[in-house]
Amino acid sequence: LALVVIYISLVSIFAKSFVIWIVKVYQRYAPAKVRLSCRFEPTCSQYMLVAIDKYGIVKGVVKALEDYYGATHQMEVKIIHNAYNMQINE
């Protein structure tokens, strides 16, 4: 039982480190057009790092993805709403 707990702990630490590494690689090497187009503060990648640190690997990634898709959805709704208002006003 103790070996199982140790194994799970090591896998969790590795997974957390790996996901943090992936996010940092994205932050450094993603095209500037992609990185600088975010209008949110903190950015989704910054939020993911904070969420992983605060909630752990599984819950942190889930919260970050929920935040990303929520922000994207809100942006899409706003764009559609603005386009609809422009059509009405013309």
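Both backbone and side-chain heavy atoms feed into the values below; hydrogens, waters and symmetry mates do not.
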Original post:
What distance separates Tyr47 OH from Lys54 NZ, expressed to the nearest 0.5 Å?
Top reply: 7.5 Å
**OP:** Identify the residue among Lys63, Lys59, Lys16 that makes a side-chain contact (heavy atoms from CB on, under 4.5 Å) with Ile52.
**Re:** Lys16
**OP:** Please indicate whether Tyr26 has more than 12 foreign heavy atoms, meaning atoms of other residues, nucleotides or ligands, lying under 6.0 Å from its OH.
**Re:** yes
Original post:
Is there a path of hydrophobic side-chain contacts, each under 4.5 Å between heavy atoms of I, L, V, M, F, W or Y residues, that connects Ile57 with Phe14?
Top reply: no
Original post:
Going by heavy atoms in the side chains, are Val62 and Tyr55 under 4.5 Å from each other?
Top reply: no
Subject >> Shortest non-hydrogen contact from Gln46 toward Gln27 >> reply: N-NE2, 3.7 Å
Original post:
Same cluster or not: are Tyr29 and Ile22 linked, directly or through other Ile, Leu, Val, Met, Phe, Trp or Tyr residues, by side-chain heavy atoms under 4.5 angstrom apart?
Top reply: yes
**OP:** Could you grab the distance from atom OG1 of Thr43 to atom CG of Leu49, nearest 0.5 Å is fine?
**Re:** 8.0 Å
Original post:
In this structure, which one of Val11, Val4, Ile6 forms a side-chain contact (heavy atoms from CB on, under 4.5 Å) with Ile8?
Top reply: Val4
**OP:** Check Val23 against Ser45 and note the closest heavy-atom contact, atom names and distance.
**Re:** CG1-O, 3.6 Å
Original post:
Could you state the interatomic distance from CE (Met48) to CD1 (Ile20), rounded to the nearest 0.5 Å?
Top reply: 10.5 Å
